[in-house]
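Just so it is clear: chains get the letters A, B, ... in the order the sequence lines come, proteins before strands, and each one is counted from 1.
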Amino acid sequence: MREVSLGLAIIPTLVVLGYMAVLLWMNRRSYGVQEFNEFATANRAFGVWAITFSMMATWYVGASYTAWMGMAVNFGFVYTYTPVYGAFCLILLYLILDKMWIWGATHQLNTQGALWGLRYNSNKIKALAGVVGVIASFPWLIMEFWTIGYLLSHGTYGYLPFLWAMLIGAAIIAVYVALGGMRAVITAHFVQGLLFALGATVFTYILIYMNTGGFAATIRNAVANFPEILTYPGPGWNPPPQWWASIIITSSVGGFLWPWAMNRVFASDSVRTAKRATWQAITIGTLICVFFLFFGLSAHSLGYARENPQMVWLWLSDNLGGPVFLTLALLVAMSAVLSTTASLIHFFGASIAEDVLKPLNSKLDSRQATRLAQYVVFGVSVLAFFIANMELPMLIFVALLTYQFIIQLGPGQLLGMYWKRGNAVGAVAGMIAGLAVAFYLTYLHPEGISFGGWTPGVWGLVVNTIIYIGCGYALPVDKRTEELFQEVENYHRQHKLAAAGR
Amino acid sequence: MKGWVRTAFVIYFAVMLFILSAPWTFNLFINRLDPWVGPFPWSIFSVFLFTFMSCIGLAIYQTLDIQQ
């Protein structure tokens, strides 16, 4: 960023600090949460638009404005895998969410691990699914903490040092998440999601218009000067088409399995709310990606942007509109990063308390579990803060790599919701085999493209699915699973009768 | 909702995903500049077209689903 006087740098600094203070203030009624269900799911209290914006605010990470923006700037068309996977991960979620919600409400489920524990009738599987989710999610938390520091420090023209920027952002999120639980997370998400959606469309279009003159002019400019950016794979590299298919499959399956995103379903006040919120989030999310892609194509025409793709969002805003535009750009990007970070650290608190500590100590009551979850929120935040301050040049690579592993929960979660024959042996054996294959192929092909041009995670998923289905046919259906599926049918029957009676 | 309607929608989503991502159809359906739709190349236009068609499909499915 350019050098400016303190008088100019104070504008974005004060506005963003004020924004964070508003987030703390608006959540004041959520503070003092005592019961664990309240902390983990806000007692399933939220309506359609709160869940819609919470889904969007959670799914669109802060790195959308750094790493993914860089992808749009440097490679153009490849970025369009983002709306595709964003849509299909939510479609996959939609296909299972009625069972998730019904079982969640009936059995007071709070986490993905608890869902697995119920479906496969095992506390060990509950802990295993919880631990896999925690390990796979941790690199994302570090990346989001790093992004907070990066955005705040650059967005204040360097007057707020990276370390202090990250500390302030992380501390504010940890406070409102620990004190207010899911209610605070989703209340803040409503504002953050709204700001993010408006910024990502209206403000982004203004930047595109000022830089290259609108959508059609941006395309004309690209055709005249760098047409290769309009098709796969874009300039400077040559991955096979299988790589395109692989990233869509792994991101779609992985995206719906992130435990810090799918637990929005448990916070919805009804199945209907969750379903309506899902398609609304998909549609708004796809629209946002249109604007981001055109922003990338527009910025590609600038040499500085191509050389510093991670900085382009803040840099171009400052270039086109000075500190006022920079402030707006920073607010929009901070909304994305704060919201995802809040979802992540809330998930760590809820999941470690519910999936790991509760099975270890069956005498743990609801209030004690809440206290433990709050301690975990602070503990995880401190740990991520220290790691994010280390030299981590491959962080984005590690974060993307986690998709190869989180998708190994896919067969157990997706097929398990539809197929009664799916069983605990198949879910665990398939997951372990899938993880082993994904790890081994990643070790052999660290560049991420293995046999036949497919990524290691896809091969792991194939092996995992075969084992899951094989075990399903080899073992009998257990009685408990029959009862669970019957619960869903009973729920629908009761609601049909109630509707007919009205 | 009748079982066959649910199955039909699942097949619809699978076809959309196949068109958008499968390496065997990718260069045939998606990854090319022609035909241009107004000022937009087919590559970018088609990705958003098929993705929005999936969104609309889900909206219709959801409407039928919650009317149940």
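Nearest heavy atom pair, residue A/I282 against residue B/C55, reads CG2-SG, 2.9 Å. Of all the heavy atoms in A/Y94 and B/Q62, the pair that sits closest is OH-CA, 3.0 Å. The minimum heavy-atom distance linking B/S21 with A/A245 is given by the pair O-CB, 3.2 Å. Here the closest non-hydrogen pair linking A/K275 and B/D65 is NZ-OD2, 2.6 Å. In terms of heavy-atom proximity, B/L20 sits nearest to A/I248 at O-CD1, 4.1 Å.
Neither the backbone nor the side chain of A/V271 has a heavy atom closer than 4.5 Å to any heavy atom of chain B. The contact between A/A87 and chain B is made entirely by side chain atoms (from C-beta outward), counting heavy-atom distances below 4.5 Å. For a residue to count as touching a neighbouring chain, one of its non-hydrogen atoms must lie under 4.5 Å from one of that chain's; by this rule B/W24 touches chain A with the side chain only. The contact between B/F13 and chain A is made by backbone and side chain atoms together, counting heavy-atom distances below 4.5 Å.
Within 6.0 Å of atom OH in A/Y418, more than 12 heavy atoms from other residues, nucleotides or ligands are found, so the atom counts as buried in its surroundings. No more than 12 heavy atoms of other residues, nucleotides or ligands lie within 6.0 Å of CH2 in B/W4, so this atom counts as exposed by the packing criterion. Within a 6.0 Å sphere centred on OH of A/Y209, other residues, nucleotides and ligands contribute 12 heavy atoms or fewer. Atom CH2 of A/W459 sits in a sparse spot, with 12 or fewer heavy atoms from other residues, nucleotides or ligands closer than 6.0 Å.
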Inset, instruction - Begin from the C-alpha positions of B/I56 and A/W279 and carry the test side chain to side chain contact (heavy atoms under 4.5 Å, CB included) through to its verdict. - result: CA-CA 8 Å; B/I56 293 165; A/W279 86 258; over 6 Å; no

Inset, instruction - Might you work through the side chain to side chain contact (heavy atoms under 4.5 Å, CB included) test for A/Y85 and B/L17, ending with a clear yes or no? - result: CA-CA 9 Å; A/Y85 101 73; B/L17 183 61; over 6 Å; no

Inset, instruction - Evaluate side chain to side chain contact (heavy atoms under 4.5 Å, CB included) for A/I219 paired with B/F45, printing each intermediate quantity in order. - result: CA-CA 11 Å; A/I219 293 288; B/F45 180 83; over 6 Å; no

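Ring orientation note: the planes of A/F215 and B/F40 are nearly perpendicular, at an angle over 60° on the 30°/60° scale.
A/T80 places none of its side-chain heavy atoms less than 4.5 Å from the side chain of B/I30. The side-chain heavy atoms of B/Y61 and A/L95, taken from C-beta on, include a pair separated by under 4.5 Å. The shortest side-chain heavy-atom distance between A/Y232 and B/S43 does not fall under the 4.5 Å cut-off. Contact check for A/I91 versus B/F9: no side-chain heavy atoms found under the 4.5 Å cut-off. The closest side-chain heavy-atom distance from A/L293 to B/V47 is not below 4.5 Å.
From B/L33, atom CG reaches atom CG of A/L230 across 6.0 Å, with rounding to the nearest 0.5 Å. Residue A/W244 holds its CH2 atom at 8.0 Å from CG of B/N31, rounded to the nearest 0.5 Å.
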